[in-house]
Amino acid sequence: MLFDEENEQYFTIIALIVLKFDTYSFSESDLKNRIESMVSVVTEKNINVATLKKIMGILDLTTLEGSDTDQKVIELCNSALAYKNLVLDMPYVAAVCTYPAFTRIVRHQLQGSDIHTAAVAGGFPSGQIPLSIKLQEARYAIDEGAEEIDMVISRGRFLQGDDDYVFDEIAQMKGMCEDICLKVILETGELITIKSIRKASEIAINAGADFIKTSTGKIHPAATEKAVLVMLDTIREFYDKTGKMVGIKPAGGISELEQAMKYYLLVLNVLGEEWITREFFRIGASKLADRLLSKILLKSV
């Protein structure tokens, strides 16, 4: 385990927090009904400009392909910078996320802006490498200039019931990151059940995640409203017990304005307006940015 006898008090506090979580008893139909009640009114026509700009400001743009090149990453950074429009009072997007090999390029290209440099680490997307190597990859990304780390949990270890291992890998990764934002990817499409998504969310939050994130975008299904609602409920309970805010990041397959708006409304309804900032809410959706900009321009005429 990461923490020894000298940190026994930490384990006691964490254990108490976990044990005090209320039993999560929502069924599939309960979740569906709650989602419909919160997002049923959303249409592309009734999304206003102010909300569109807020969504633009919480986007994480990514390129995570084996075919990525220096030039492709530079072009993504240039696109991220170009979305800022002073005439329209447009915000910068929140972050650009790549593999660690490109982190130095991203940090250099984004200097002078407030767009964060993010990197995936920990054996993305499968997570199937030893913990020591996961930590080395995160250390490399940080040394290259990463301001945020998006890690994946070991889903195989989680699914075979090795909760302590998953807790430890997140806790050690957070120890490596220190003040750097750590987003923990659950890959909810592989967890399948409400119970598993809830349990993984609890483990990640109690191990020190700054954000919990749905997906890598490499499997289907990626982000779903059901998974996000379970995660939001867990964040809400943790906040009510501890007063600590944890962020949420739906990611994968979000390409339409209506989809993004539904996630926006879920966060707003479950967590409140104070979560609608890049510090606590991100959407991983590179394809969405151009559509947001087009809609903003159209509505601003």
Side-chain angles (χ1 to χ4, degrees), residues 58-65 94-100 103 116-131 133-135 137-138 141-142 146-159 162-163 165-174 176-177 180-193 196-232 234-235 238 246-254 263 267 278 280-286:
I58 61 174
L59 289 187
D60 283 1
L61 306 187
T62 65
T63 183
L64 296 166
E65 302 297 335
V96 170
C97 184
T98 64
Y99 281 110
T103 298
H116 293 178
T117 298
V120 295
F124 181 95
S126 71
Q128 296 283 20
I129 60 173
L131 177 55
I133 300 176
K134 290 184 177 185
L135 293 171
E137 186 177 30
I142 292 168
E147 299 167 291
E148 302 177 357
I149 296 292
D150 289 36
M151 69 163 287
V152 288
I153 67 167
S154 297
R155 281 89 70 195
R157 299 296 287 262
F158 175 81
L159 292 170
D162 199 347
D163 299 348
Y165 183 93
V166 178
F167 180 97
D168 265 5
E169 69 176 350
I170 298 168
Q172 291 198 45
M173 191 70 82
K174 183 55 187 172
M176 177 70 73
C177 291
I180 288 173
C181 177
L182 177 65
K183 308 189 202 91
V184 177
I185 306 169
L186 308 182
E187 198 68 291
T188 53
E190 291 181 341
L191 305 185
I192 301 172
T193 67
S196 291
I197 295 168
R198 165 68 173 195
K199 187 177 183 182
S201 299
E202 289 182 359
I203 291 171
I205 289 172
N206 283 288
D210 296 301
F211 274 74
I212 50 176
K213 175 178 171 181
T214 57
S215 320
T216 63
K218 300 297 184 182
I219 71 157
H220 181 79
T224 66
E225 292 157 17
K226 178 189 77 174
V228 168
L229 182 53
V230 174
M231 294 161 72
L232 289 172
T234 311
I235 290 170
F238 184 77
V246 174
I248 182 78
K249 181 178 173 179
I254 305 169
Y263 289 119
V267 173
R278 64 167 59 185
F280 298 107
F281 181 25
R282 301 286 180 85
I283 297 177
S286 297

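- Checked against side chain to side chain donor-acceptor pair (under 3.5 Å), Ser154 has the following partners two or more places apart in sequence or in another chain: Lys134, Glu169.
- For the pair Met176 and Met151, the minimum side-chain heavy-atom distance is 4.5 Å or more.
- We find the CE-OG1 distance between Met231 and Thr214 to be 6.0 Å, quoted to the nearest 0.5 Å.
- For the pair Ser201/Phe238, no side-chain contact is recorded, criterion being any heavy-atom separation below 4.5 Å from C-beta on.
- Of all non-hydrogen atoms in Ile212 and Ala204, the two that sit nearest each other are CG2-CB, 3.7 Å.
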Side-chain polar contacts of residues 181-191 - donor-acceptor pairs under 3.5 angstrom, sequence neighbours left out - could you list them?
from: Lys183; atom 1: NZ; to: Glu148; atom 2: OE1; distance (Å): 2.6
from: Lys183; atom 1: NZ; to: Asp150; atom 2: OD1; distance (Å): 2.8
from: Glu187; atom 1: OE1; to: Thr216; atom 2: N; distance (Å): 3.1
from: Glu187; atom 1: OE2; to: Thr216; atom 2: OG1; distance (Å): 2.5
from: Glu190; atom 1: OE1; to: Arg155; atom 2: NE; distance (Å): 2.8
from: Glu190; atom 1: OE1; to: Arg155; atom 2: NH2; distance (Å): 3.4

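- Rounding to the nearest 0.5 Å places CD1 of Ile192 at 7.5 Å from CG of Leu159.
- Phe158 places a side-chain heavy atom less than 4.5 Å from the side chain of Ile203.
- With values rounded to the nearest 0.5 angstrom, Ile248 atom CD1 is found 10.0 Å from Leu229 atom CG.
- The minimum heavy-atom distance between Met173 and Gly122, with the atom names listed, is CE-CA, 4.2 Å.
- One distance of note links CZ of Arg278 with NZ of Lys249; it measures 12.5 Å at 0.5 Å rounding.
- Contact of the Asp60 side chain with the Ile283 side chain is not registered, since no non-hydrogen atoms from C-beta on lie closer than 4.5 Å.
- Counting only heavy atoms from C-beta outward, the side chains of Glu137 and Phe124 never approach each other to under 4.5 Å.
- Thr62 places no side-chain N or O within donor-acceptor distance of the main-chain N or O of Leu64, the cut-off being under 3.5 Å.
- Between Val152 and Ser126, every side-chain heavy-atom pair lies at or beyond the 4.5 Å cut-off.
- Side-chain N or O atoms of Ser215 include one that pairs as donor or acceptor with a backbone N or O of Ala251 at under 3.5 Å.
- In terms of heavy atoms, Val228 sits closest to Tyr263 at CG2-CE2, 3.6 Å.
- In this structure, Ala222 and Gly252 approach most closely via the heavy-atom pair CB-O, 3.3 Å.
- When all heavy atoms of Ala141 and Ile149 are compared, the closest pair comes out as CB-CD1, 3.8 Å.
- Taking each heavy atom of Ala209 and Ile170 in turn, the nearest pair found is N-CG2, 4.4 Å.
- For the atom pair CD1 (Ile180) and CD1 (Ile142), the distance works out to 4.0 Å, reported to the nearest 0.5 Å.
- For the atom pair CZ of Phe281 and CG of Leu232, the computed distance is 8.0 Å after rounding to the nearest 0.5 Å.
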